[in-house]
Colleague: 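Encoded as structure tokens, here's the structure I'll be asking about.
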Amino acid sequence: QVQLSESGGGLVQAGGSLRLSCAASGRTFNSYVVGWFRQAPGKEREFVAAIGWGGGPTYYANSLEGRFTISRNNAEHTVYLQMNSLKPEDTALYYCAASKRGYARANGNDYDYWGQGTQVTVSS
């Protein structure tokens, strides 16, 4: 069993940065693929980024244009999402998710555990 807890969201102006954290419990977390997803009001959940158990490989949504970076610190059981050059369209509830499936990437159905989310609001 893995429990996930996101933090680091908040209100930021366009062009600013935030770093989200996903802290996990559970001894086996370090063997899980971890992904970040987001959901804006009235929209479907969408994939943001994913990272393999060893810190790589990493995968990103094409729409991010290189502005976000996913990383993990297995010693601290934490995965991070560094978000730079934020835009109003990045406003959403951001979730982290963990998967036992080594092939997990952008499909949310491949993930077994989800956090409660952290709100990111980008003002123009």
Side-chain angles (χ1 to χ4, degrees):
Q1 187 76 10
V2 173
Q3 292 184 322
L4 304 174
S5 178
E6 303 93 337
S7 62
L11 174 63
V12 64
Q13 289 186 334
S17 298
L18 284 174
R19 188 177 78 157
L20 306 184
S21 298
C22 173
S25 65
R27 294 180 301 169
T28 60
F29 173 73
N30 293 349
S31 63
Y32 282 58
V33 172
V34 176
W36 284 96
F37 293 78
R38 66 187 183 185
Q39 187 166 20
K43 295 188 178 181
E44 294 186 352
R45 182 181 65 198
E46 65 173 343
F47 169 74
V48 176
I51 188 166
W53 66 269
T58 56
Y59 303 89
Y60 297 93
N62 292 335
S63 61
L64 296 179
E65 303 171 324
R67 298 181 294 118
F68 292 8
T69 303
I70 189 171
S71 61
R72 69 190 296 165
N73 184 328
N74 283 341
E76 296 184 354
H77 287 199
T78 303
V79 172
Y80 302 99
L81 184 69
Q82 178 67 43
M83 306 187 297
N84 298 327
S85 302
L86 284 161
K87 304 176 180 180
E89 51 263 44
D90 294 318
T91 294
L93 187 61
Y94 284 70
Y95 300 89
C96 66
S99 174
K100 296 176 286 188
R101 300 166 179 80
Y103 58 80
R105 303 287 186 269
N107 187 343
N109 293 329
D110 291 332
Y111 289 80
D112 305 288
Y113 305 102
W114 292 80
Q116 294 299 307
T118 185
Q119 178 67 38
V120 171
T121 303
V122 185
S123 63
S124 57

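Below, each value reflects all heavy atoms present in this structure, side chains not excepted, and no hydrogens, waters or symmetry copies. Given the structure is predicted, the values throughout are model-derived calculations rather than measurements.
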Colleague: Name all residues meeting the side chain to side chain contact (heavy atoms under 4.5 Å, CB included) criterion together with Val12; count only those two or more places apart in sequence or in a different chain, and write none if there are none.
Modeller: Leu18, Leu86, Val122

Colleague: List in chain and number order the residues that pass side chain to side chain contact (heavy atoms under 4.5 Å, CB included) with Ser7, two or more places apart in sequence or in another chain; answer none if no residue qualifies.
Modeller: Ser21

Colleague: What heavy-atom pair brings Gly9 and Thr118 nearest, and what distance separates the two atoms?
Modeller: N-OG1, 3.1 Å

Colleague: Which residues pass the side-chain hydrogen bond (donor to acceptor under 3.5 Å, both in side chains) test with Arg67, sequence neighbours left out?
Modeller: Asp90

Colleague: Over all heavy atoms of both residues, which pair between Asn84 and Ser17 is shortest? Give the atoms and the distance, please.
Modeller: OD1-OG, 3.0 Å

Colleague: Tell me whether Leu64 is reachable from Met83 by hopping between hydrophobic residues (I, L, V, M, F, W, Y) whose side-chain heavy atoms are closer than 4.5 Å.
Modeller: yes

Colleague: List the residues meeting side chain to side chain contact (heavy atoms under 4.5 Å, CB included) with Ala23, not counting sequence neighbours, and say none if there are none.
Modeller: Thr78

Colleague: Which other residues belong to the hydrophobic cluster containing Tyr59, where Ile, Leu, Val, Met, Phe, Trp and Tyr are joined when side-chain heavy atoms lie under 4.5 Å apart, directly or via other members?
Modeller: Val33, Phe37, Phe47, Leu93, Tyr95, Tyr111, Trp114

Colleague: Can you run down the disulfide (SG to SG under 2.5 Å) pairs that involve residues 78-124, sequence neighbours left out, and say none if there aren't any?
Modeller: Cys22-Cys96

Colleague: Excluding sequence neighbours, so at least two apart, what forms salt bridge (Lys or Arg N to Asp or Glu O under 4.0 Å) with Glu44?
Modeller: none

Colleague: Whether the side chain of Ser124 engages the backbone of Pro88 through a donor-acceptor N/O pair (distance < 3.5 Å, no angle test) should be reported.
Modeller: no

Colleague: Any salt bridge (Lys or Arg N to Asp or Glu O under 4.0 Å) pairs touching residues 93-107, not counting sequence neighbours?
Modeller: Arg101-Asp112

Colleague: Tell me whether the guanidinium CZ or amine NZ of Arg72 lies under 6.0 angstrom from the six-membered ring centre of Phe29 and within 45° of its axis.
Modeller: yes

Colleague: Hey, does the side chain of Tyr60 reach the backbone of Ile70 with a donor-acceptor pair shorter than 3.5 angstrom?
Modeller: yes

Colleague: Between NE2 of His77 and CG of Leu4, what distance do you get to the nearest 0.5 Å?
Modeller: 12.0 Å

Colleague: Applying side-chain hydrogen bond (donor to acceptor under 3.5 Å, both in side chains), name anything that partners Tyr80, two or more places apart in sequence or on another chain.
Modeller: Glu76

Colleague: Among residues at least two apart in sequence or on other chains, which ones pass side-chain hydrogen bond (donor to acceptor under 3.5 Å, both in side chains) with Gln3?
Modeller: none

Colleague: Can you name the closest pair of heavy atoms from Asn107 and Asn109 and give their distance?
Modeller: OD1-N, 2.9 Å

Colleague: Please report the closest heavy-atom contact between Trp36 and Glu6, naming both atoms and the distance.
Modeller: CZ3-CG, 3.9 Å

Colleague: Please enumerate all residues that pass side chain to side chain contact (heavy atoms under 4.5 Å, CB included) together with Ser123, with sequence neighbours excluded.
Modeller: Leu11, Gln13

Colleague: Under the rule for salt bridge (Lys or Arg N to Asp or Glu O under 4.0 Å), what residues qualify as partners of Glu46, not counting sequence neighbours?
Modeller: Arg38

Colleague: Would you compute the distance between atom CD of Gln82 and atom CG of Leu20 and round it to the nearest 0.5 angstrom?
Modeller: 8.5 Å

